[in-house]
Structure formats: C-alpha cells, structure tokens
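Some notes on the structure that comes next.
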Amino acid sequence: KHDALHPDARLRTRLAQPAPQANYHAGLRYFERGQPAIALLHEERAVSLQPDLTPARRALAYIAGSLGDWPRAEREL
C-alpha cells in the first residue's frame with residue numbers, strides 16, 4: 001500500500017475545500033452569461049458540498065427565482 005495513493009482524511013479535506021468556491025464562482029459566471037439553468041447546477045453543487053456557504057445559497061435563491069421557481073428560492077433563504 002502506497003501512502004501517496006491513499007491520502008489521509010486531512011489531506012482529502014484540504015484538497016476538496018476549493019470545490020464549493022469554484023462551483024459558486026462558476027455559477028455566477030454562467031448566470032452573467034445568460035445561462036441560469038447551468039448556473040443553478042453549479043450553485044446547487046456548491047451548497048451540497050458546503051451547506052454553510054451563504055453566498056452560494058443566496059445565489060441559488062436568486063437564480064431559482066429568476067427561473068420562476070419561487071418556492072425553491074424561498075426555501076434557500
């Protein structure tokens with residue numbers, strides 16, 4: 001068993017941390033480019049990876065509202 005192939009939990013956590021932020025920012029970019037459905041997917045992913053990422057949750061609510069999904073938007077706030 002090679003340690004390099006089986007990183008410990010702390011290393012996995014550190015490596016995974018940028019993923020929620022990356023999804024959040026990607027969602028914002030897609031929304032700005034007029035692709036709210038794709039933006040919504042990225043914000044959903046960001047929130048699923050880090051539920052306390054408030055900016056992503058707010059963006060998710062805003063994007064859901066822009067798509068007419070008001071119950072979803074309300075749930076996210």
Side-chain angles (χ1 to χ4, degrees):
K1 177 176 172 180
H2 298 283
D3 288 337
L5 299 176
H6 302 283
D8 66 24
R10 288 177 302 182
L11 178 58
R12 284 194 304 270
T13 300
R14 280 198 316 258
L15 292 174
Q17 285 175 349
Q21 289 287 333
N23 277 280
Y24 164 62
H25 290 291
L28 295 179
R29 284 192 304 275
Y30 277 107
F31 188 75
E32 289 170 355
R33 293 179 183 155
Q35 297 178 292
I38 296 172
L40 189 72
L41 295 174
H42 282 282
E43 298 306 344
E44 288 173 336
R45 180 73 174 146
V47 169
S48 74
L49 291 169
Q50 187 177 339
D52 64 344
L53 185 58
T54 303
R57 191 168 293 283
R58 287 184 184 155
L60 179 55
Y62 185 86
I63 295 167
S66 79
L67 292 169
D69 190 349
W70 298 109
R72 173 74 187 273
E74 193 172 283
R75 278 194 314 270
E76 297 300 336
L77 291 177

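Hydrogens, waters and symmetry mates play no part in the numbers below; they use all other heavy atoms, side chains included. Nothing here was measured: the structure is a model prediction, and the numbers come from that model.
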(request) Indicate if Tyr62 and Val47 have the same hydrophobic cluster label, given that clusters are the connected sets of ILVMFWY residues with side-chain heavy-atom separations under 4.5 angstrom. (result) yes
(request) Please report the closest heavy-atom contact between Leu49 and Ala19, naming both atoms and the distance. (result) CD1-CB, 3.8 Å
(request) Measure across Glu43 and Asn23 and return the closest heavy-atom pair with its distance rounded to 0.1 Å. (result) OE2-O, 4.2 Å
(message) Looking at Gly65, is its backbone amide N or carbonyl O close enough to the side chain of Asp69 to form a donor-acceptor pair, meaning the two atoms are under 3.5 Å apart?
(response) no
(request) Indicate the atoms forming the closest heavy-atom contact of Ala46 with Leu53, along with that distance. (result) CB-CD2, 4.3 Å
(message) Could you work out, with side chain to side chain contact (heavy atoms under 4.5 Å, CB included) as the rule, every residue matching Ser66, not counting sequence neighbours?
(response) Phe31, Pro36, Ile63
Please output the side-chain donor-acceptor pairs of residues 70-77 that fall under 3.5 Å, not counting sequence neighbours, one pair per line with the distance.
residue : atom : partner : partner atom : Å
Arg72   : NE   : Glu76   : OE2          : 3.0
Arg72   : NH1  : Glu44   : OE2          : 2.8
Arg72   : NH2  : Glu44   : OE2          : 3.3
Glu76   : OE1  : Arg57   : NH1          : 2.6

(request) Mind running side chain to side chain contact (heavy atoms under 4.5 Å, CB included) on Leu40 and Leu67 for me, showing each step along the way? (result) CA-CA 9 Å; Leu40 189 72; Leu67 292 169; 4.1 Å; yes
(message) As an exercise, state the distance from CZ of Arg33 to CZ of Arg29, rounded to the nearest 0.5 Å.
(response) 6.5 Å
(message) For His42 together with Tyr24, are the ring centres under 6.0 Å from each other?
(response) no
